[in-house]
Amino acid sequence: MSKILIRGAKILGGEPQDVLIDGETIAEVGTGIEAGDATVVEADGKILLPGLVDLHTHLREPGREDSETVLTGTRAAASGGYTAVFAMANTFPVADTAGVVEQVWRLGKESGYCDVQPIGAVTVGLEGKQLAELGAMHDSAAGVRVFSDDGKCVDDAVIMRRALEYVKAFGGVVAQHAQEPRLTEGAQMNEGIVSAELGLGGWPAVAEESIIARDVLLAEHVGSRVHICHLSTAGSVEIVRWAKSRGIDVTAEVTPHHLLLTDELVRSYNPVYKVNPPLRTERDVLALREALADGTIDIVATDHAPHPHEDKDCEWGAAAMGMVGLETALSVVQHTMVDTGLLDWAGVAERMSSRPAEIGRLAGHGRPVAAGEPANLTLVDSAYRGPVDPAGFASRSRNTPYEGRELPGRVTHTFLRGRATVVDGNLA
């Protein structure tokens, strides 16, 4: 592999420096580095971050290749600045055996655009009745350490306790989709003023908060790790904050769309705004931003949920839940957190790279931009402003809530172990 010199980049938003990549590794960081025979990338003051890591991605393969494949999903990830993604287990067949997680892991290796770390199902078939092959998935070539029935809640407290006990043996973590199913039967959107006015079935905040409260207490009792997927309410924030104050080993994520969008958008009846958990209120959005800033919420995770056109271009009640997010996540975080002064770029790197890699126990990612470290890097033009055009997405699906919305920031280059996957904003 040839050498690459990134000249004049602001590492984590600091003063401009040069970064020399030699093979798969960062060889030197400093000023006035000589290019020699290196390919030069003129950064011109762009922001240089460690490659982003997404702890919550739906790649759909196997089984729903009409929505996304590992190849198209990882191309979308690279376009968004990601060098690693964790692929959720709700595929067809479900990733509840060593064979299926190894298949997804190998497809990721073949794609070459970013590393794919499969997430194993907690229960067989996501049915919540019997633990899946947690140990076998961990011992497989995929080395699974994160387990989730995302899309469904592990609502049986005994099953959840057993899962927490099981993964504790090898340092794993259970990532919970917090949704009490009986409280959300027929739910179409957030329960509140807007749902009442529209006559749509409401999804109460307590359906999320009650599961989180139960699970942090179970994690404390067992002495295990629990991770809360796509936390979405102000009340959930307070429960996680309380749990952390007690020393409970809980981490939490927020999606970009829950940092920006509110349930007022549902008044349009546009199914692009239909998502699980639902868009909440402005009060919730502001609480989530503050919690991400102060560390109560550990990370940003996309919950990238691609759907084919026909599953979204229909009446609200029949539409699938979910939004694509890999290619817009960093822009939304810049808009909601950096441009508002709530986070600096070092904080973004922690919440979108180092911390998710740490939670998922993913070696080689989320590392400092320093000599001797793996050359997993993302270069961002933070001064860019422009409308979102889904026609240019690398993802197979186009169900974005941001179409036509002007957002800041653009990934110009992504490097996976020293190899450019994105150059000048285009896939390599």
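In this chain, residues are counted from 1 in sequence order. Note that the structure is a prediction, hence the values are computed from the model and not measured.
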Output yes when a side-chain donor or acceptor of Lys312 lies under 3.5 Å from a complementary backbone atom of Ala320, and no otherwise.
yes
At what distance, to the nearest 0.5 angstrom, does CE of Met352 lie from CG of Leu343?
10.5 Å
Write down the atom of Gly120, the atom of Ala89, and the distance for their closest heavy-atom approach.
C-CB, 3.8 Å
Given side chain to side chain contact (heavy atoms under 4.5 Å, CB included), test Gln176 with Cys153 step by step and report yes or no.
CA-CA 7 Å; Gln176 176 68 292; Cys153 177; 3.8 Å; yes
So do the side chains of Ser353 and His365 get within less than 4.5 Å of each other, counting heavy atoms only?
no
Please give me the minimum heavy-atom distance between Ala319 and Cys314, naming the atom from each residue.
CA-SG, 3.5 Å
Rounding to 0.5 Å, atoms CD1 (Ile299) and CG (Leu52) come to a distance of 12.0 Å
Does Glu61 form a salt bridge (Lys or Arg N to Asp or Glu O under 4.0 Å) with Arg64? I'd like the steps, not just the answer.
CA-CA 6 Å; Glu61 190 176 11; Arg64 283 307 304 267; over 6 Å; no
Parallel, tilted or perpendicular: which one describes the rings of Phe170 and Tyr166, with boundaries at 30° and 60°?
perpendicular
Minimum heavy-atom separation for Asp96 and Ala121, please, with both atom names.
CB-CB, 3.8 Å
Is it the case that the ring center of His307 lies less than 6.0 angstrom away from the ring center of His309?
no
Within this structure, what is the CD-OG1 distance for the pair Glu264 and Thr262, rounded to the nearest 0.5 Å?
5.5 Å
Can you tell me how far CG of Asp156 sits from CD of Glu127, rounded to the nearest 0.5 angstrom?
13.0 Å
Ring centre gap for His230 and His177 strictly below 6.0 Å:
yes
If I take atom CG from residue Leu292 and atom OG1 from residue Thr336, how far apart are they, to the nearest 0.5 angstrom?
7.5 Å
Taking atom OG of Ser331 and atom CD of Glu406, what is their separation to the nearest 0.5 Å?
11.0 Å
Within the distance-only criterion (no hydrogens, no angle test), does the side chain of Asn376 pair as donor or acceptor with the backbone N or O of Arg417 below 3.5 angstrom?
yes
Salt bridge flag under 4.0 Å for residues Arg267 and Glu197:
yes
